[in-house]
Amino acid sequence: FDSIYTPPVPYDAGLPIGAAQYIYHNELGNDRIKWSDNSPTYLGETYDEKTVRFELDKVSEKVSIQQVNDDDVVNLLDEQNIISVYGGGSESGRRALGNRSILADPRSTEMKDKINERVKHRQWYRPFAPSILREEVNSWFDREVDSPYMSFCLKFKEDMKDKVPAVLHFDGTARLQTVSKNDNKWYHGFISKWFKKSGVPIVLNTSFNDREPIVETPEHAINCFMGTNIDYLYFFNVSIGNEFYISIWNYPSLYDGYFINWAEWGDDLPDLELDLIFLSIEKMLSNPKYSVDVIRKKYPNAKIVGLIKELW
């Protein structure tokens with residue numbers, strides 16, 4: 001099995017691609033195409049800066065926006081922030097490969113649980129994958145492979161696996177994405193800068209979503225970011241800062257006690273004009289007085305953003 005090739009869309013959605021390839025080569029007699037590296041996988045639509053800024057303008061009163069560069073974001077990763085990245089064409093297939101991804105520091109022993117709890121809201125045991133510079137694979141894994149579509153699971157070398165606990169499976173393996181300059185020039189350059197900063201040529205990579213399809217448009221990206229506890233959203237040249245929802249949401253009273261510290265005003269819901277409400281799962285389940293229906297009746301004009309337990 002040393003020469004297996006896994007295409008970028010290896011499930012039912014890839015059948016039309018395979019059918020087209022069969023007709024092109026077998027029926028029409030065209031020669032096989034030889035890629036210089038790998039077949040392109042970023043086949044989704046590319047959205048220009050004008051579109052991104054149009055969507056940002058819609059939420060300009062609720063977010064903090066600043067111009068940054070890759071070096072700034074590398075520093076934010078090193079400070080243990082969770083960064084969502086967006087740019088270029090979206091990936092074909094089920095895997096986020098750097099253009100619609102959530103990135104984090106793989107060296108952290110707490111990062112896997114942190115992302116599962118704060119962002120992905122899924123089971124604690126679900127692992128995350130490493131994106132690694134293609135030229136460094138042999139230094140970190142027990143054999144050399146091309147895995148540009150995150151298709152292969154390999155064992156880390158014994159002296160390397162403890163350096164990246166956030167992307168390590170219980171058996172010492174990881175399902176890696178190898179990144180070459182030809183595959184994704186921006187992503188390869190970004191990981192190279194991270195390598196220079198951290199000494200590790202790997203970033204934790206998971207899909208930019210939360211229990212829904214991977215984001216496609218800039219609007220999807222902003223909505224997902226604002227509905228989770230991701231720290232920053234990076235549009236390759238524009239970043240939105242999220243300081244525990246304070247710099248995102250233009251409602252500072254949320255942090256002053258409304259729907260966060262219930263003990264400050266007892267069991268009765270306050271008579272306030274609220275535009276935005278975060279509900280605590282624990283509070284809702286432990287007392288029917290705070291159910292969604294009751295909250296909606298009490299505050300008919302408020303937007304209920306989500307049922308968030310981890311925020312408090």
Side-chain angles (χ1 to χ4, degrees), residues 1-52 54-55 84-103 128-138 141-154 173-192 201-203 205-209 212-221 224 235-236:
F1 298 106
D2 291 335
S3 299
I4 289 178
Y5 173 76
T6 304
V9 193
Y11 60 106
D12 287 354
L15 291 175
I17 299 175
Q21 288 176 320
Y22 180 85
I23 295 297
Y24 185 79
H25 297 298
N26 291 63
E27 299 298 325
L28 300 181
N30 292 295
D31 293 335
R32 181 174 179 176
I33 297 172
K34 294 183 178 180
W35 304 104
S36 59
D37 200 337
N38 302 296
S39 60
T41 184
Y42 304 95
L43 303 179
E45 185 173 350
T46 298
Y47 299 86
D48 58 21
E49 184 175 342
K50 181 179 179 181
T51 303
V52 173
F54 175 78
E55 296 299 336
S84 51
V85 296
Y86 182 100
S90 58
E91 297 87 340
S92 302
R94 296 179 181 270
R95 306 301 173 212
L97 303 173
N99 283 6
R100 305 288 190 276
S101 290
I102 295 172
L103 307 180
F128 294 107
S131 293
I132 181 171
L133 297 176
R134 175 61 185 86
E135 58 269 28
E136 294 294 328
V137 171
N138 194 47
F141 290 91
D142 64 355
R143 62 190 178 95
E144 188 103 2
V145 298
D146 286 307
S147 182
Y149 316 125
M150 208 179 282
S151 305
F152 296 96
C153 197
L154 300 183
T173 65
R175 191 189 64 199
L176 70 161
Q177 175 200 359
T178 57
V179 183
S180 71
K181 187 178 296 186
N182 187 66
D183 288 335
N184 189 321
K185 183 178 181 180
W186 173 80
Y187 199 28
H188 183 272
F190 182 83
I191 299 175
S192 297
I202 294 171
V203 295
N205 173 18
T206 187
S207 55
F208 188 0
N209 64 335
E212 58 188 10
I214 300 174
V215 302
E216 167 61 26
T217 68
E219 182 181 19
H220 295 160
C224 181
F235 282 103
F236 290 1

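Numbering of residues begins at 1 and proceeds along the displayed sequence.
Closest heavy-atom contact between Pro130 and Arg175: CD-O, 3.4 Å. The minimum heavy-atom distance between Pro218 and Val52, with the atom names listed, is CG-CG2, 4.0 Å. In plain terms, the two heavy atoms of Cys153 and Thr173 that are nearest each other are SG-OG1, 3.5 Å. Contact record, Tyr24 with Asp31: CE2-O, 4.4 Å, taken as the closest heavy-atom pair. In plain terms, the two heavy atoms of His220 and Glu216 that are nearest each other are ND1-N, 3.3 Å. Residues Ala96 and Ser207 approach most closely at CB-CA, 3.4 Å, considering heavy atoms.
Between the side chain of Glu91 and the backbone N or O of Arg100 there is at least one donor-acceptor pair closer than 3.5 Å. Checking side-chain atoms of Arg95 against main-chain N and O of Ser151 turns up no donor-acceptor pair under 3.5 Å.
Residues meeting the ring pair (Phe, Tyr, Trp, His ring centres under 6.0 Å) test with Tyr149, sequence neighbours left out: none. Not counting sequence neighbours, the partners of Thr178 by the side chain to side chain contact (heavy atoms under 4.5 Å, CB included) test are Ile132, Arg134, Val137, Ser147, Pro148, Leu176. Applying the side chain to side chain contact (heavy atoms under 4.5 Å, CB included) criterion to Asp48, with sequence neighbours excluded, gives Lys50, Thr51. Remark: Ser92 engages Val9, Thr41, Leu43 in a side chain to side chain contact (heavy atoms under 4.5 Å, CB included) (not counting sequence neighbours). Annotation: ring pair (Phe, Tyr, Trp, His ring centres under 6.0 Å) contacts of Phe208 (sequence neighbours excluded): none.
The side-chain hydrogen bond (donor to acceptor under 3.5 Å, both in side chains) contacts involving residues 180-190 comprise Asp37-Ser180, Asn38-Asp183, Tyr42-Asn184, Asp70-Trp186, Asn99-Asn184, Ser131-Tyr187, Glu135-His188, Ser180-Asp183, where partners must be two or more places apart or lie in separate chains.
Between the CD atom in Glu55 and the OG1 atom in Thr217 there is a gap of 6.5 Å [rounded to 0.5 Å]. How far CZ of Arg143 is from CZ of Phe152: 7.5 Å, rounded to the nearest 0.5 Å. We find the CD1-SG distance between Ile214 and Cys224 to be 10.5 Å, quoted to the nearest 0.5 Å. Here OG of Ser101 is found 3.5 Å from CG of Asn205. Values are rounded to the nearest 0.5 Å.
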Practice task
Go through the steps to decide whether Ser192 and Leu133 satisfy the test side-chain contact (heavy atoms from CB on, under 4.5 Å), and finish with yes or no.
Solution key: CA-CA 7 Å; Ser192 297; Leu133 297 176; 3.7 Å; yes
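At least one side-chain heavy atom of Phe190 sits less than 4.5 Å from a side-chain heavy atom of Leu103. Counting heavy atoms from C-beta outward, Glu27 and Tyr22 have side chains that approach closer than 4.5 Å.
Classification of the Phe235-Tyr86 ring pair by plane angle, with boundaries at 30° and 60°, yields perpendicular.
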